[in-house]
Amino acid sequence: MTNTTLASADGTHLNLVRWDIESPKAQVLLVGGLAEHMGRYPHVAKALNDAGYAVAGVELRGHGHSAGKRGHVEDFADYGADVRAALDEVGPSFIVCHSMGGLVSSDLVVRDPKDIRGWAMSNPLLGLRFEPPRWKVAGSRLLNKLVPRLSLSNELDTSWISRDPEVVARYEADPLVFGTITPRWFMSSLAAQERVFAGAAAITIPHLSLVGDADPITNPDAAIRFFEACGSESKTLKRYEELVHELFNEPEKDQVLADLVAWLDAHA
């Protein structure tokens, strides 16, 4: 494993983690969810390495060891520029993404799919399953104008991420994990969701959607609506009845990773 510092389009410094192997079948780029970093993905990288894939993981601005305010972005397209910088570094790749990373990657697929050979999403942030406080949702538009960088709680219950208590305990003790978002982040996420659904029919590259039906954070119905709207001729949906948000950190993660590898093998 090696770390490389990249510059995004606006000069923001990003951390890229690489797990390279000799003579890989293809390159995979990992894009994590809100508050995540690549220190949570070595087991995913190992499974992909063992299956013959070189792996890199980009820490989006404001995440992990990358520069930027935690839980804040001016526009989700800036996150897309971070992914583009990683693609420019590692070359054509299959993107494997989770939660917010799914929204970021899908937004990039809609706007600029160059060098993306296909993308696999785990419980993408295409809608919420829980209801944030109404006052916070209603006030976000005003706060976005007055104090767009104000840090507010993301309202997530950490027990929702996995049915494995050890995963939850490590998450809660992780100094690189944070629990905030800003009004600008929230409003920009809604705009990105609109772009993704509006552009879904024009997508042509291969797609895999991994959906936990019991996810209490992101809305499985929204992920399925996007899957059905996606114009790709090659698209695959895998549903897991009892699994919650972090599919790669559930007790059944080996099966989820095997499904991911099988899809990659069919398209590499």
All heavy atoms of Gly118 vs all of Trp263, minimum pair found to be C-CH2, 4.0 Å
Would you sort out whether His13 and Leu6 count as a side chain to side chain contact (heavy atoms under 4.5 Å, CB included), showing the intermediate values? CA-CA 6 Å; His13 289 173; Leu6 306 177; over 6 Å; no
Does a donor on one side chain sit under 3.5 Å from an acceptor on the other, for Asn249 and His43? yes
Does Lys238 have more than 12 heavy atoms from other residues, nucleotides or ligands lying within 6.0 Å of its NZ? no
Measuring from Asp213:CG to Glu241:CD, what's the distance to the nearest 0.5 Å? 7.0 Å
Nearest heavy-atom contact between Asn154 and Phe178 is ND2-O, 4.2 Å
Return yes if a side-chain donor-acceptor contact under 3.5 Å exists between Thr182 and Lys69, otherwise no. no
Should Asp265 and Lys25 be marked as a salt bridge (charged side-chain N to carboxylate O under 4.0 Å, His left out) after you check the CA-CA gap, both sets of side-chain angles, and the distance that decides it? CA-CA 8 Å; Asp265 285 347; Lys25 297 175 184 176; 3.1 Å; yes
Phe248 side chain near Leu210 side chain, heavy-atom distance below 4.5 Å: yes
Please determine whether a side-chain nitrogen of the Lys or Arg among Asp164 and Lys253 lies less than 4.0 Å from a carboxylate oxygen of the Asp or Glu. no
State, to 0.1 Å, how close Thr180 and Ser151 come at their nearest heavy-atom pair, and which atoms those are. CB-CB, 4.2 Å
Does the pair Asp107/Arg111 count as a salt bridge with the N-to-O cut at 4.0 Å? yes
Could you tell me whether the side chain of Gln27 and the main chain of Gly91 form a donor-acceptor pair under 3.5 Å? no
Value for CG (Leu150) from CZ (Arg184), rounded to nearest 0.5 Å, stands at 12.0 Å
Taking atom CG of Leu108 and atom SG of Cys97, what is their separation to the nearest 0.5 Å? 10.5 Å
Is there a donor-acceptor pair closer than 3.5 Å between any side-chain N or O of Ser153 and the backbone N or O of Glu155? yes
When hydrophobic residues are tied together by side-chain contacts of less than 4.5 Å, even through go-betweens, does Ile205 share a cluster with Val196? yes
Once you measure the plane-to-plane angle for His207 and Phe226, does it fall in the parallel (<30°), tilted (30-60°) or perpendicular (>60°) bin? perpendicular
Is there a path of hydrophobic side-chain contacts, each under 4.5 Å between heavy atoms of I, L, V, M, F, W or Y residues, that connects Leu29 with Leu264? no
What do the steps show when you test Leu208 against Leu260 for side chain to side chain contact (heavy atoms under 4.5 Å, CB included), and what is the final call? CA-CA 8 Å; Leu208 171 65; Leu260 171 61; 4.0 Å; yes
Taking atom types as modelled, is there a side-chain donor on His245 or Ser99 under 3.5 Å from an acceptor on the other? yes
Between Asp20 and Arg18, does any side-chain N to carboxylate O distance fall below 4.0 Å? yes
Indicate yes or no: at least one non-hydrogen side-chain atom of Arg117 is less than 4.5 angstrom from one of Pro206. no
Got Leu103 and Arg195 here, is their nearest side-chain heavy-atom distance under 4.5 Å? no
Run the salt bridge (charged side-chain N to carboxylate O under 4.0 Å, His left out) test on Arg84 and Glu89 for me, step by step, so that the C-alpha distance in whole Å, both residues' side-chain angles and the decisive distance to 0.1 Å come before the verdict. CA-CA 9 Å; Arg84 173 59 58 201; Glu89 177 71 16; over 6 Å; no
Does a side chain donor of either Arg61 or Ser8 reach within less than 3.5 Å of an acceptor in the other side chain? yes
Hey, what do you get for CG (Leu34) to CG (Leu156), rounding to the nearest 0.5 Å? 7.0 Å
Are Asn15 and His63 linked by a side-chain donor-acceptor pair shorter than 3.5 Å? no
Under 6.0 Å between ring centres: does that hold for His72 and Phe186? no
Connected via hydrophobic side-chain network under 4.5 Å: Val110 and Val96: no
Over all atoms of both residues, closest heavy-atom pair of Met121 and Gly102: SD-O, 3.5 Å
Ring center gap for Tyr41 and His98 short of 6.0 angstrom: no
For a quick test of reading the model, state the closest non-hydrogen atom pair linking Asp115 to Leu87 and the distance between them. O-CD2, 4.0 Å
Backbone of Asp10 reached by a side-chain donor or acceptor of Thr12 within 3.5 Å: no
How long is the straight-line distance from CZ of Phe227 back to OG of Ser209, given to the nearest 0.5 Å? 7.0 Å
Minimum side-chain heavy-atom gap Met100-Leu60 below 4.5 Å: yes
In this structure, would Phe197 and Trp119 fall into the same cluster of hydrophobic residues linked by side-chain contacts under 4.5 Å? yes
State, with a plain yes or no, whether a side-chain heavy atom of Glu250 is found less than 4.5 Å away from one of Glu242. no
Please check: side-chain N/O of Asn49 versus main-chain N/O of Trp19, any donor-acceptor pairing under 3.5 Å? yes
Residues at least two apart in sequence or cross-chain that pass side chain to side chain donor-acceptor pair (under 3.5 Å) with Thr204, listed by chain then number, are none
Any donor-acceptor N/O pair, Glu36 side chain to Gly33 backbone, under 3.5 Å: yes
Might you point out which heavy atoms bring Ala192 and Phe76 nearest each other, and give the distance in Å? CB-CB, 3.8 Å
Is the closest basic N to carboxylate O distance between Asp221 and Arg225 below 4.0 Å? no
Between Ser162 and Glu246, a side-chain donor and acceptor under 3.5 Å: no
State, with a plain yes or no, whether a side-chain heavy atom of Leu237 is found less than 4.5 Å away from one of Val211. yes
Side chain to side chain contact (heavy atoms under 4.5 Å, CB included) evaluation trace for Thr158 with Val177: CA-CA 11 Å; Thr158 56; Val177 168; over 6 Å; no
NZ/NE/NH1/NH2 to OD/OE distance under 4.0 Å, Arg129 and Asp215: no
Could you state the interatomic distance from CG (Leu48) to CG (Leu30), rounded to the nearest 0.5 Å? 6.5 Å
A side-chain contact here means heavy atoms from C-beta on lying under 4.5 Å apart; do Arg170 and Asp174 qualify? no
Decide whether Met38 and Val58 are clustered together by the hydrophobic rule: side chain heavy atoms of Ile, Leu, Val, Met, Phe, Trp, Tyr closer than 4.5 Å, transitively. no
Take Leu257 and Lys46, measure what side chain to side chain contact (heavy atoms under 4.5 Å, CB included) needs, and give me the verdict at the end. CA-CA 10 Å; Leu257 289 167; Lys46 183 180 186 305; over 6 Å; no
Does any part of the side chain of Ser188, heavy atoms only, come nearer than 4.5 Å to the side chain of Asp75, both counted from C-beta? yes
Tell me yes or no: between the side chains of Tyr240 and Asn123, is some donor less than 3.5 Å from an acceptor? no
Between Glu59 and His65, is there a donor-acceptor pair closer than 3.5 Å when you use the side chain of the first and the backbone of the second? yes
Starting from the C-alpha separation in whole Å, work towards a yes-or-no answer on side-chain hydrogen bond (donor to acceptor under 3.5 Å, both in side chains) for Ser234 and His267. CA-CA 9 Å; Ser234 176; His267 295 87; 2.7 Å; yes
